Structures are given as structure tokens and as C-alpha cells.
Amino acid sequence: MSQPFETISQHRCFGGTVGFYRHAAASTGCAMRFAVFTPPQASAGPVPVLYYLAGLTCTEETFMIKAGAQRVAAELGLMLVAPDTSPRGLNLPGESESWDFGVGAGFYLDATEAPWAPHFRMYSYVTQELRALITQHFPADSARTGICGHSMGGHGALVLGLRNPDIYRSISAFAPISAPRQCPWGRKAFSGYLGADQGQWANYDATELAAAVKDAARRPPLLVDQGLADQFLAEQLHPHLFEEACRRSGLTLTLRRHEGYDHGYYFISSLIEDHLRHHARILKP
């Protein structure tokens, strides 16, 4: 792959284009896939860009196929970028033994433990390498960038957004893993990727990051939606802990709880328009 990226396929969509791509990523040491929806307004110049981070077991295709976001993104002139959820094809020992760790479960962190450390660097991949590639090769306005995600990707969106306010001007999440140090998914991922030093774990815990914010008045308003029929709510997600951390630090959080909605993409497709308009209000001049 001598070119910056390989085009796998492109599809006309609401006057814009959905494309699926692959490139050799230095930060993960393997080929990575990503998807981009380029809205029709991009033909006239750079447009705001919203990164969407997907959840456990998902790929770069999941959001583009299931969320139904392109119609509203085309109306608003938002570019949508969806990376894969982990490195693939490395054949690391244990990478495919469980659905919530390893392949499809990168947790948007930079691993420090063997054998994951050289490759499972999704934090650096998303915040640096992929962002640079998108800015250089697509009509994306790097000064107007937002981030959103679901479940594990909601955790990623909150963490990346809170840790990088100079990059991400808008933040939202669907059913995020809000306090990973206090749930089974998070403890499994953090112990495997980061080892026993729980000081490192705090760097990737949205609740702890929110509690530590000192400049809340300069941070964008956060939008989080949570279904109350979500099968993972009680054990894994803990949005109430994130809500309390935001309250203590002064972060502006809108946490909406929805009766009857579960953890899946019917929930996301029902509310994606609200999230796109939330980001557009902040990112568009």
C-alpha cells in the first residue's frame, strides 16, 4: 500500500459519498480500516468533521450501515469518520479468545503490556494518525472537529474529548462505559492492556477525568443518551457516576434517560439526529 490509503469501495449517498478505506498504520503496526461520509457541501471547501467511535465487536462499517446518520449529516454539512475498533490480523496470543478483549475491543487506549503494547494503540491512532490522514486527504476542517461514540466507543469519545479539548470542540455519547475502573468490562480491559498500575487506568476513565477538570467553563456542553432497558446499564455503564463527577467539576452535561430503549442500534438510530445537530450547533460558524 504505497498510496496514503486504499479505496475499498465508494457509494453515492444523499448527494455525498460513503467510502470505505484501508491504510498501513504506523501507530498500530498493521493495516487499519476506516469509513468516511463526505457531505455534498465538501465540494465547495472543507467542512466540520465528526469522529464516531463504535463499541465492542463492531467495525468501521457498523455505524455507516446501521445508524442512519447520512441524511442529516448531508443536510448539516458534517463529515462523518468511523474507524475500526481495534487492530486486526496480528495473530497475537489471546487476541480472539473473548468478545470483550482483543480483536474488536481496543478500548481506545494505548496499551503498555505485552503483547499488546506495540499494536493496541487506538488512542494515538484516532487522535493523531487517523486525524492527520483525514485532514490531509479529505476536505475536513481540522479546526472544527467533534467526537461521538457508543458503549466502548462512548467511553472512547468521552475520554478522548476530555483529554484533548484543543482537538475536540464537541462531545457526545450513547450508553457509554462511563466508569470503566468500576465495571467488569473496564477492569478486564485495563488490567490486560495497562497492567496492575491503576494510576494508568485513571487516564482512560471518563468519570475520573471529568472529576479532575479545572476549567469547566471553557469546555463544551456534553450530551449523553442512555436507554433504561439497556441490559448492560446496571453492571457495566454507570452513567450516574459520570453525572455526579460532572456536577462536582462544573461540566455542563445533558444526560437523557429513555424508557424502553436497549443498548442496540435501534436506540442510536432513534436519537442520532439529536447528536448530529448538537455537534453542528457547536462546530458550524
Side-chain angles (χ1 to χ4, degrees), residues 8-21 33-42 47-86 104-106 108 122 126 130 134 138 140 145-158 160-161 168 170-177 222-227 229-232 237 239 254 256-258 260-284:
I8 299 170
S9 66
Q10 290 182 321
H11 313 273
R12 197 71 171 159
C13 183
F14 292 104
T17 303
V18 172
F20 297 95
Y21 308 96
R33 294 186 180 223
F34 63 96
V36 178
F37 171 68
T38 304
Q41 293 86 342
V47 295
V49 56
L50 177 62
Y51 287 82
Y52 178 89
L53 307 182
L56 291 164
T57 75
C58 293
T59 73
E60 76 288 350
E61 294 183 321
T62 309
F63 175 73
M64 292 295 175
I65 293 172
K66 291 186 174 184
Q70 292 91 338
R71 177 185 62 81
V72 177
E75 173 197 331
L76 298 173
L78 286 177
M79 178 177 291
L80 306 174
V81 178
D84 201 352
T85 51
S86 78
Y108 304 103
M122 292 298 292
V126 174
L130 178 62
I134 295 296
F138 291 83
T145 299
I147 194 162
C148 176
H150 169 233
S151 192
M152 177 186 73
H155 139 78
L158 295 176
L160 271 59
Y168 303 108
S170 58
I171 306 168
S172 73
F174 296 92
I177 304 172
L222 309 172
L223 173 62
V224 173
D225 278 305
Q226 176 62 60
D230 190 320
Q231 62 271 41
F232 303 115
L237 305 182
T254 299
R256 307 189 301 184
R257 295 171 169 90
H258 304 269
Y261 284 90
D262 62 21
H263 198 70
Y265 267 79
Y266 295 115
F267 170 56
I268 294 171
S269 63
S270 297
L271 296 166
I272 188 64
E273 180 170 351
D274 289 357
H275 284 246
L276 296 178
R277 295 192 184 281
H278 165 81
H279 289 277
R281 282 192 296 271
I282 298 169
L283 299 177
K284 296 188 73 175

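As the structure is a prediction and not an experimental result, all values here were calculated from the model.
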Got Leu276 and Leu80 here, is their nearest side-chain heavy-atom distance under 4.5 Å? yes
How long is the span from the CD1 atom in Ile268 to the OG atom in Ser270, to the nearest 0.5 Å? 9.5 Å
If you define the side chain from C-beta out and look only at heavy atoms, does anything of His275 sit under 4.5 Å from Leu50? no
Any chance you could measure His258, atom NE2, to Leu271, atom CG, to the nearest 0.5 Å? 4.5 Å
Please list, chain by chain and in numerical order, all residues satisfying side chain to side chain contact (heavy atoms under 4.5 Å, CB included) with Ser86, sequence neighbours excluded. Arg88, Val103, Phe120
Going by side chain to side chain contact (heavy atoms under 4.5 Å, CB included), name the residues that satisfy it together with Tyr266, two or more places apart in sequence or in a different chain. none
Sorted by chain and residue number, the ring pair (Phe, Tyr, Trp, His ring centres under 6.0 Å) partners of Phe34 (sequence neighbours excluded) come out as Tyr21, His23
Please find the pair of heavy atoms, one from Gln226 and one from Leu237, that lie closest to each other, and give the distance. OE1-CD1, 3.5 Å
Would you name the heavy atoms of Tyr52 and Pro83 that are closest together and state the gap between them? O-CD, 3.3 Å
Please list, chain by chain and in numerical order, all residues satisfying side-chain hydrogen bond (donor to acceptor under 3.5 Å, both in side chains) with Asp274, sequence neighbours excluded. Arg256
Quick one: closest heavy-atom pair of Thr85 and Ala54, and the distance? CG2-O, 3.6 Å
Under 3.5 Å donor-acceptor, Arg12 side chain and Gly15 backbone: yes
Which atom names give the shortest non-hydrogen contact between Ile134 and Ala140, and what distance separates them? CG2-CB, 3.8 Å
One should read off an interatomic distance between Thr17 OG1 and Gln10 CD, to the nearest 0.5 angstrom, of 6.0 Å
Does Ser170 have any side-chain hydrogen bond (donor to acceptor under 3.5 Å, both in side chains) partners at least two apart in sequence or in another chain, and if so, which? His279
Please check: side-chain N/O of Ser269 versus main-chain N/O of Gly68, any donor-acceptor pairing under 3.5 Å? no
Under the side-chain hydrogen bond (donor to acceptor under 3.5 Å, both in side chains) test, residues paired with His263 that sit two or more places apart: Ser151, Asp230
Heavy-atom closest pair, residues Gly77 and Pro48: O-CD, 3.5 Å
Should the pair Tyr51 and Tyr168 be assigned to parallel (<30°), tilted (30 to 60°) or perpendicular (>60°) ring geometry? perpendicular
Under the side-chain hydrogen bond (donor to acceptor under 3.5 Å, both in side chains) rule, collect the residues that match up with Gln231, sequence neighbours excluded. none
If you apply the rule side chain to side chain contact (heavy atoms under 4.5 Å, CB included), what do you find for Phe267 with Asp225, and how did you get there? CA-CA 9 Å; Phe267 170 56; Asp225 278 305; 3.8 Å; yes
Check whether any side-chain heavy atom of Tyr108 sits under 4.5 Å from a side-chain heavy atom of Met152, and report yes or no. yes
Main-chain N/O of Ile171 paired to His278 side chain as donor or acceptor, under 3.5 Å: yes
Non-neighbouring partners of Gln41 that pass side chain to side chain contact (heavy atoms under 4.5 Å, CB included), sequence neighbours left out: Pro39, Val47
Who are the salt bridge (Lys or Arg N to Asp or Glu O under 4.0 Å) partners of Arg277, not counting sequence neighbours? Glu75, Glu273
Just verifying a value: how many Å separate Gln70 CD and Leu78 CG, rounded to the nearest 0.5 Å? 12.0 Å
Is the shortest side-chain heavy-atom distance between Phe174 and Ile272 below 4.5 Å? yes
Considering all heavy atoms of both residues, which atom of Ala74 and which atom of Pro40 are nearest to each other, and what is their separation? CB-CD, 3.9 Å
Does any non-hydrogen side-chain atom of Leu53 lie less than 4.5 Å from one of Phe63? no
For Tyr265, all residues meeting ring pair (Phe, Tyr, Trp, His ring centres under 6.0 Å), sequence neighbours excluded: His150
Please, which pairs that meet side chain to side chain donor-acceptor pair (under 3.5 Å) have at least one residue in residues 54-67, sequence neighbours excluded? none
